[in-house]
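Lettering of chains follows the sequences in order, A, B, ..., and the numbering in each one begins at 1. As a basis for the values below, the full set of heavy atoms in this structure was taken, side chains included, without hydrogen atoms, waters or symmetry mates. A quick note: this is a predicted structure, and the numbers were derived from the prediction, not measured.
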Amino acid sequence: MNADRHVAVVTPWYPDPQVPYAGAFVEAQVEAVSGGCARLDVYHLKSWSVGAVGRPLEANPELLDLHTRLLARSRVPLATAGGAVLHRVPTLTPRDTAWVTHSDASARWLREALGGEPLAAPIVHAHVPITAGWAALENARPDAKVYITEHSSFLDRVLEQPRARARYEEVLERADGFFVVGEPLHDRIAAEFPHLAGNIEYLSNPIDFGGPRREAPAVLHRWLSVAALNERKRIDYLLEAFRRCRDRVPDLTLTLAGDGKLRKDLGALARDLGLDDAVTFVGSVAPREVPGLMASHDLFVHTSRHETFGVVVVEALAAGTPVLVSRCGGSDQVLRGIESEAGQLFDVDDDPDVLVAAYLELRERHPDKTDVPAARERLRAQYSYETVAERHFQIWDGGADR
Amino acid sequence: MIVLFVAPKSAWRQALAAETRAAADAGHEVRVVAQEHRDFTLAPLDPRVETHWIAVIDPGEAEPALVGLVLRRLPLGLLRLLGRGPLHGLADRAARRWRRTVLGPIEQRRLPELEALREARRTEAVRAAVARWRPDWIVLHEPHAVELAVSWLPELLDARPDLVTTFSFETRADADHAI
């Protein structure tokens, strides 16, 4: 191991006291690799929206001057995972839907936070190409290697804007390594930029395999969903399917972890469906609490329409909990070859009976014809902190697998 | 030290509750200037924190008295009375329709005026809090805190270069342990 590594991580998402789960996978990456680094600095470029809608930042030069002055005098190195140092960089952005303005703002405010100097680290790993990726490229020292990972579920909206698309292509060309967390992103970017498809590689998010339950559950009564309460996650579909399952298996309960703009509507739907006693909304859950939550339920259920990577699916199996998940892209890839051991997949379909049928089939098969410990071991070999950290070190040190 | 958190829109209430508590735990005298918000019941501030609340300006406060009386208070009051009887469903629907079709457009037209009024009240409150508490450390806790600070902070920084400013109050890296 090369403990001389000096690394800067640049990211638009990182947990903070307001949203403790935002960018938890970046924090996990930091924790995983910190043991192999002599120094690791995280630059969190959190977007701070200012001004009236459509008004450019330059329209308020006094604000720009003040923020520049504040960044210079407000440098506070904060403690974060694995002994790394966290630098919060409030990134003033206009209320503008053009991604290129957010990209420019990210580069600008990182430069100001650094006092005009380049990032000191010779290895820079950024997350989200259009914002922090661009900021990293524009602020890295000339001899630094810049690696970038794409995770975002909003990539289509970026690529439909011509200027943002051109910026994205430039990032893809300039990066020393360009990574995606799952097949859906790989296929999307390769289709958009076929001449650069060879530049795209896989790099997983690390998952904590530290605390599994003692044995897989014998019955699948206590369901759990860990998902934002938004349209893409289809919690309304889950509630209806759960109600139909509960008509057949009255002992079922459902815990919904996560929050979002549909919280009130989904609470009303649960009441309308007569599920008040069976469904519990627990709100947002801190990342460190997720393994315990997974281990205290019998079945992890995921109904998302589309995912770039199946983090929560791996987390569930890491905790030893069988899964019932939609074929939403990321989950298919994660479970390839271990579908029947891990639980049951079902198609993304608007008919709740699709989930009901999948549950009943899994209930028939479990536990005799599932093998959650085997699925867990298979995933551990791909996604554990140790495995993913080693992959990072290979990349950063110019390893042979690249 | 006297640490003043400036949160004129109370945008990030959960963080405000957590960080002010951490500052108080660290032995600081913690002050907050923030806008009233009912969701502070979900993320209450620590009792050790002294707060200057900025009152919310309702749309009605920005309209002329006659408009307020004729188009807001009288019709809505009448519908409220009706709503206490058997016609409550009809009265509720009529009140919603009145708000949407009559008051909505008026509020939309007056929005810039209303925003200016709110901005002035927030700025005045922040200035008053800074003058009253003379903080050693100012935490500009949300984007609007920086926007409002344009009108008062540069002058204060010139006068008091030792004033500490940050954007949050979180655990600092220990130089001995940082990797």
Side-chain angles (χ1 to χ4, degrees), chain A residues 3 5-7 15-20 30 33-42 44 46-52 57 60-95 113 259 283-284, chain B residues 3 5-23 39 42-43 111-112 115-116 119 137-158 160-179:
Chain A
R5 294 185 194 95
H6 177 190
V7 178
D16 67 21
Q18 179 64 26
V19 194
V30 167
V33 301
S34 58
C37 298
R39 181 170 171 185
L40 200 164
D41 291 274
V42 182
H44 176 201
K46 182 169 178 171
S47 177
W48 282 32
S49 298
V50 292
L57 281 180
N60 192 347
E62 293 87 1
L63 177 62
L64 300 182
D65 288 348
L66 175 62
H67 196 52
T68 300
R69 190 174 177 185
L70 289 170
L71 284 173
R73 70 194 317 283
S74 308
R75 290 185 193 136
V76 182
L78 303 172
T80 188
V85 175
L86 170 64
H87 310 267
R88 303 267 192 216
V89 182
T91 301
L92 298 192
T93 48
R95 289 191 167 85
D259 211 339
S284 300
Chain B
V3 183
F5 286 74
V6 181
K9 284 190 176 175
S10 296
W12 294 328
R13 295 173 294 282
Q14 188 173 321
L16 191 63
E19 292 175 35
T20 51
R21 190 177 308 114
D39 283 357
L42 303 174
L111 198 58
E115 278 305 309
E119 188 101 340
W137 181 342
I138 293 178
V139 180
L140 297 157
H141 196 256
E142 61 188 38
H144 201 52
V146 182
E147 289 184 279
L148 284 190
V150 165
S151 67
W152 58 272
L153 187 54
E155 197 179 324
L156 186 64
L157 293 178
D158 291 341
R160 293 181 51 196
D162 59 329
L163 179 71
V164 178
T165 56
T166 58
F167 301 101
S168 65
F169 187 100
E170 296 177 83
T171 308
R172 294 190 179 217
D174 180 343
D176 294 337
H177 291 93
I179 58 170

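- The structure places CG of B/Leu157 at 4.5 Å from CZ of A/Arg73, a figure rounded to the nearest 0.5 Å.
- Residues B/Ala18 and A/Pro17 share a closest heavy-atom pair of CB-CB, 4.3 Å.
- Considering all non-hydrogen atoms of both residues, A/Leu66 and B/Val146 come closest at CD2-O, 3.7 Å.
- Residue contact with chain A, scored on non-hydrogen atoms closer than 4.5 Å, involves the backbone and the side chain of B/Ala149 alike.
- Side-chain atoms of A/Ser74 come within 3.5 Å of backbone N or O of B/Thr165 as a donor-acceptor pair.
- In this structure, the portion of B/Glu19 lying under 4.5 Å from any heavy atom of chain A is its side chain and not its backbone.
- The heavy-atom pair separating B/Leu140 from A/Trp48 by the smallest distance is O-CH2, 3.4 Å.
- Contacts between B/Pro112 and chain A at a heavy-atom distance below 4.5 Å are absent for every atom of the residue.
- The two atoms that bring B/Val150 and A/Leu63 nearest to each other are CG2-CA, 3.6 Å, heavy atoms only.
- A donor-acceptor pair under 3.5 Å links the side-chain atoms of B/Glu147 to the main chain of A/Gly51, judged by distance alone.
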Stepwise side-chain contact (heavy atoms from CB on, under 4.5 Å) test for A/Val76 and B/Phe167: CA-CA 9 Å; A/Val76 182; B/Phe167 301 101; over 6 Å; no
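- Between A/Gln18 and B/Arg13, the shortest heavy-atom contact is OE1-N, 3.5 Å.
- Environment of CZ in A/Arg95: crowded, with over 12 heavy atoms of neighbouring residues, nucleotides or ligands closer than 6.0 Å.
- The contact between B/Glu142 and chain A is made entirely by backbone atoms, counting heavy-atom distances below 4.5 Å.
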